[in-house]
Amino acid sequence: MPSIYHRNMPEATYGTAGYFNSTYQESWLEDELAQRVIKSVDKSTAPGSGPVGSKALGLIASIFPESNMQ
């Protein structure tokens with residue numbers, strides 16, 4: 001569970017959007033649990049590879065392909 005602390009912490013992650021954008025892996029969506037969670041949260045479909053399908057947002061593609069991951 002994420003926590004919020006109002007002080008400087010060297011071990012903390014700042015800029016969560018940047019953190020998640022640079023650690024995301026498309027293979028995460030191949031997990032059955034991840035697919036069920038995505039469907040239960042906003043009724044989107046995660047086919048395991050390729051973009052997530054959302055009625056509200058259309059197709060949601062990853063920003064960073066896994067081939068660019070280190």
Residue pairs passing the salt bridge (Lys or Arg N to Asp or Glu O under 4.0 Å) test with at least one member in residues 34-60, sequence neighbours excluded, are E32-R36

For G53 and L59 the tightest heavy-atom approach is CA-CD2, 4.0 Å

*Are V37 and L29 co-members of a hydrophobic cluster defined by side-chain heavy atoms under 4.5 Å apart?*
no

Hits for side chain to side chain contact (heavy atoms under 4.5 Å, CB included) against L57, two or more places apart or cross-chain, chain-then-number order -> S54, I60

Transitive ILVMFWY side-chain link L33 to V52, under 4.5 Å
no

Closer than 3.5 angstrom, by distance alone: can the side chain of Q35 be matched with the main-chain N or O of T45 as a donor-acceptor pair?
no

